[in-house]
Amino acid sequence: MLAKISFRGKRFVHRSLVVRGNAATFPPSFSLCQRRAFDGKSSYDYREILRNGLSDIRLDDAIGLFSEMVKSRPFPSIIEFSKLLSAIAKMKKFDVVISLGEQMQKLGIAHDLFTYSIFINCFCRCSQLSLALAILGKMMKLGYEPDIVTLSSLVNGYCHSKRISEAVALVDQMVEMGYQPNTVTFTTLIHGLFLHNKASEAVALVDQMVQRGCQLSLVTYGVVVNGLCKKGDIDLALSLLKKMELGNIEADVVIYNTVIDGLCKYKHVNDARNLFNEMENKGIKPDVVTYNSLISCLCNYGRWSDASRLLSDMIEKKINPDVVTFSALIDAFAKEGKPLEAEKLYKEMIRRSIAPSIVTYNSLINGFCMHDRLDEAKQMFEFMVSKGCFPNVVTYNTLIKGFCKAKRVEEGMELFREMSQRGLVGDTVTYTTLIQGLFQARDFDMAQELFKEMVSDGVPPNLMTYNFLLDGLCNNGKLEKALVVFGYMQKSKMELNIFTYSIMIEGMCKTGKVEDGWNLFCSLSLKGVKPNVVTYTSMISGFCSKGLKQEAYALFKKMKEDGPLPNSGTYNTLIREHLRDGDKAASAELIKEMRSCRFAGDASTIGLVTNMLHDGRLDKSFLEMLS
DNA sequence: GTAGGGTTAG
């Protein structure tokens with residue numbers, strides 16, 4: 001069950017262990033082997049290493065140290081073991097700690113309160129809460145009472161095991177039993193609440209902890225500011241940052257980065273830049289992450305020249321760009337259809353010995369796909385594999401989307417099969433893209449087949465998947481089936497959007513169920529969903545098809561008063577209705593209005609007018625008016 | 001010698 005750690009004994013010994021003695025004459029590893037060969041056991045003092053502190057020790061060396069410790073007789077004290085274990089836990093190598101603990105057990109080295117506490121923490125951190133609880137039971141049987149530290153670890157364990165209500169209950173229980181939750185306990189729970197999208201409870205708990213006399217720490221502020229930024233409450237995050245600084249807790253670069261990134265994500269680039277200046281004025285140096293947030297943000301706006309300027313700026317300030325910096329810029333240039341610029345940046349990152357990552361390659365592939373250069377996309381795909389960088393589900397999704405968009409859905413399906421052969425599992429995006437592609441190619445059966453496969457494979461369809469399915473069914477004359485799916489969607493927890501309703505309204509209107517369509521349209525305001533231009537146009541078209549010209553015109557009027565702006569489709573639908581009706585004056589009037597909005601007659605309208613010209617119902621001037 | 005957290009790219 002637990003990860004086994006392979007021991008490669010001597011290779012793990014820390015350099016400082018061998019510097020003493022004949023290090024000058026022998027290379028380190030050689031000198032060590034020599035000594036081992038002499039006496040068959042370690043001849044250096046692990047105690048000295050422990051005394052000197054383990055803060056900078058590497059994992060390999062820590063494991064080597066452990067293997068030396070278990071060789072010595074008598075065994076080192078449990079305090080010495082716990083120093084080593086906690087150093088490894090600080091590296092977040094929790095599985096290693098657990099494995100070493102098991103080895104101690106096998107060797108008959110008894111644990112104490114501290115080592116048990118370390119194991120409980122490690123089990124909690126790697127989501128093995130039940131094992132943590134088992135250790136707690138064992139520990140209590142031995143007469144050790146858990147203290148606030150151990151209990152806080154368990155609170156963390158519940159938070160990380162999606163059992164937030166039990167985490168809350170545990171803290172309540174602790175209070176009942178007379179424990180005093182401290183800053184760490186509260187901060188852990190606040191973090192858990194944010195992780196479970198319970199931001200308001202988290203914020204309320206901050207107030208409670210203050211009332212209980214617990215000081216907020218930099219960590220507490222970090223948790224809260226991050227949680228607020230992630231849900232878009234940037235103003236509150238910003239005011240907390242100010243409050244923290246007024247309370248004499250010194251801000252660091254990371255908390256500024258968090259807020260700057262939040263501002264970037266929620267489209268306040270200028271505020272982000274202002275905060276950037278503010279932090280510099282306060283003497284907090286921005287780092288590569290700060291720049292990466294700003295550069296990515298500018299790239300997302302297509303402001304690649306501003307982004308490039310920031311790259312020069314950071315290099316000037318001797319802040320080294322990394323793979324994230326280059327990937328963001330390469331992504332922007334590739335999307336913009338500037339492959340030469342992207343390649344220049346790619347070469348520059350190689351020159352700086354920065355290894356491209358899968359994200360870099362995926363961006364390059366996406367750039368080619370977006371500009372219908374599928375052959376080059378595939379070449380890039382092969383190139384990345386040749387460089388030992390293996391495609392992931394995003395790589396395949398990008399290529400599949402490219403092929404579907406280029407109406408080459410069979411090749412998309414081929415890629416889908418290939419990825420399965422490589423042991424990669426398609427996700428919601430993969431299936432959704434292919435279902436859309438298949439419907440577009442009018443391969444209705446295969447599309448529905450794939451939807452079934454998606455569900456049976458346990459890949460959860462999302463709203464987009466369902467919308468494509470509804471659209472496909474409606475376009476295939478299967479309104480009844482679409483209505484069943486729609487009914488299911490309404491009963492589910494999914495929040496349907498205007499696309500869902502537009503598809504259904506159009507489907508109803510096109511099959512003559514205009515009244516049903518109208519009822520659904522009227523129900524939208526109750527649902528708090530605003531109809532868009534497509535919804536209005538579908539409904540207007542529905543009225544027209546039933547000859548309900550007045551209703552159509554009334555809805556058009558309402559749309560102009562408080563709805564979305566009519567588009568070419570809206571005008572053309574109404575113009576055709578007037579023409580069929582023989583109402584030349586009204587048609588001419590509407591064509592004029594449409595032209596003033598810079599729209600022109602569409603193929604369907606021009607076709608109708610041409611026919612009417614031939615049979616003499618219209619004169620030439622109509623055709624001229626249309627374009 | 002034991003507990004908590006926050007930032008960036010597709």
Side-chain angles (χ1 to χ4, degrees), chain A residues 50 54 77-87 89-90 97 111-122 124-125 139 144 146-157 159-160 181-192 194-195 216-230 237 241 251-262 264-265 286-297 299-300 321-332 334-335 356-367 369 391-395 397-398 429:
Chain A
L50 289 170
L54 298 172
S77 73
I78 192 68
I79 292 178
E80 284 163 318
F81 277 110
S82 72
K83 273 184 183 170
L84 178 63
L85 294 176
S86 85
K90 288 233 160 67
V97 176
H111 293 302
D112 73 350
L113 179 68
F114 285 93
T115 50
Y116 277 131
S117 183
I118 293 171
F119 298 130
I120 288 174
N121 181 40
C122 290
C124 286
R125 294 293 297 263
M139 188 181 128
Y144 294 116
D147 60 6
I148 191 71
V149 174
T150 312
L151 291 170
S152 296
S153 289
L154 284 166
V155 171
N156 198 27
C159 288
H160 280 101
N182 59 21
T183 299
V184 176
T185 325
F186 279 116
T187 304
T188 306
L189 193 56
I190 290 166
H191 180 234
F194 273 118
L195 281 180
L216 305 190
S217 65
L218 175 61
V219 177
T220 321
Y221 279 104
V223 168
V224 178
V225 164
N226 181 56
L228 292 172
C229 284
K230 287 280 132 71
L241 178 66
D252 62 2
V253 59
V254 178
I255 201 161
Y256 268 95
N257 286 350
T258 308
V259 183
I260 286 172
D261 190 65
C264 286
K265 288 258 158 67
D287 62 11
V288 59
V289 177
T290 328
Y291 276 96
N292 286 348
S293 284
L294 289 166
I295 287 173
S296 308
C297 176
C299 285
N300 285 337
D322 64 8
V323 61
V324 177
T325 327
F326 279 104
S327 295
L329 284 159
I330 287 172
D331 186 68
K335 274 187 185 149
S357 73
I358 185 145
V359 178
T360 325
Y361 289 117
N362 286 349
S363 288
L364 289 164
I365 291 172
N366 185 42
C369 284
N392 61 10
V393 64
V394 179
T395 322
N397 287 350
T398 307
V429 177

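Letters go in sequence order (proteins before strands), and every chain restarts at 1. A quick note: this is a predicted structure, and the numbers were derived from the prediction, not measured.
- Side-chain N or O atoms of A:Asn366 include none that pairs as donor or acceptor with a backbone N or O of A:Cys369 at under 3.5 Å.
- Among the heavy atoms of the strands lying under 4.0 Å from A:Ser153 are primed sugar atoms or P, OP1, OP2 only; no base atom is included.
- Residue contacts shown for A:Val254 include a base, since a base heavy atom lies under 4.0 Å away.
- Donor-acceptor pairing under 3.5 Å is lacking for the side chains of A:Asn226 and A:Thr258.
- Under the side-chain contact (heavy atoms from CB on, under 4.5 Å) rule, A:Asp261 has a single partner from A:Cys229, A:Ser296, A:Ser293, which is A:Ser293.
- In this structure, OG in A:Ser82 is found 5.0 Å from CD1 in A:Ile118, a value given to the nearest 0.5 Å.
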A:Phe326 and A:Thr360: side chain to side chain contact (heavy atoms under 4.5 Å, CB included), yes or no, with the steps? CA-CA 8 Å; A:Phe326 279 104; A:Thr360 325; 5.9 Å; no

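- A:Val219 comes within 4.0 angstrom of a nucleotide base, judged by non-hydrogen atoms across all strands.
- Among the atoms of the strands shown, only primed sugar atoms or phosphate atoms (P, OP1, OP2) are found under 4.0 Å from some heavy atom of A:Thr188.
- Closest approach of A:Ala328 and A:Cys299 over heavy atoms only: O-SG, 3.7 Å.
- Using a 4.0 Å heavy-atom distance criterion, A:Ile255 is classed as a base contact.
- Residue contacts shown for A:His160 are limited to sugar-phosphate atoms, with no base heavy atom under 4.0 Å away.
- Across all strands, A:Ser357 comes closer than 4.0 Å to base atoms (heavy-atom distances).
- Residue A:Leu218 is in base contact, counting any heavy-atom pair closer than 4.0 Å across all strands shown.
- Using a 4.0 Å cutoff to heavy atoms of chain A, the contacted part of DNA chain B runs 5' to 3' from B:dG1 to B:dG10.
- Using a 4.0 Å heavy-atom criterion, one finds that A:Thr220 contacts the bases of the nucleic acid, with or without backbone contacts as well.
- Using a 4.0 Å heavy-atom cutoff across all strands shown, A:Ser217 reaches at least one base atom of the nucleic acid.
- Residue contacts shown for A:Thr183 include a base, since a base heavy atom lies under 4.0 Å away.
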I'd like to know whether A:Phe119 forms a ring pair (Phe, Tyr, Trp, His ring centres under 6.0 Å) with A:His111, so could you lay out the CA-CA distance, the side-chain angles of the two residues, the decisive distance to 0.1 Å, and finally the verdict. CA-CA 10 Å; A:Phe119 298 130; A:His111 293 302; 4.8 Å; yes

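- Residue contacts shown for A:Asn397 are absent, as no nucleic acid heavy atom lies under 4.0 Å away.
- Residue-level contact check: A:Asn292 touches the bases, meaning some heavy atom is under 4.0 Å from a base atom.
- As judged by a 4.0 angstrom heavy-atom cut-off over every strand, A:Asp287 is placed among residues making no nucleic acid contact.
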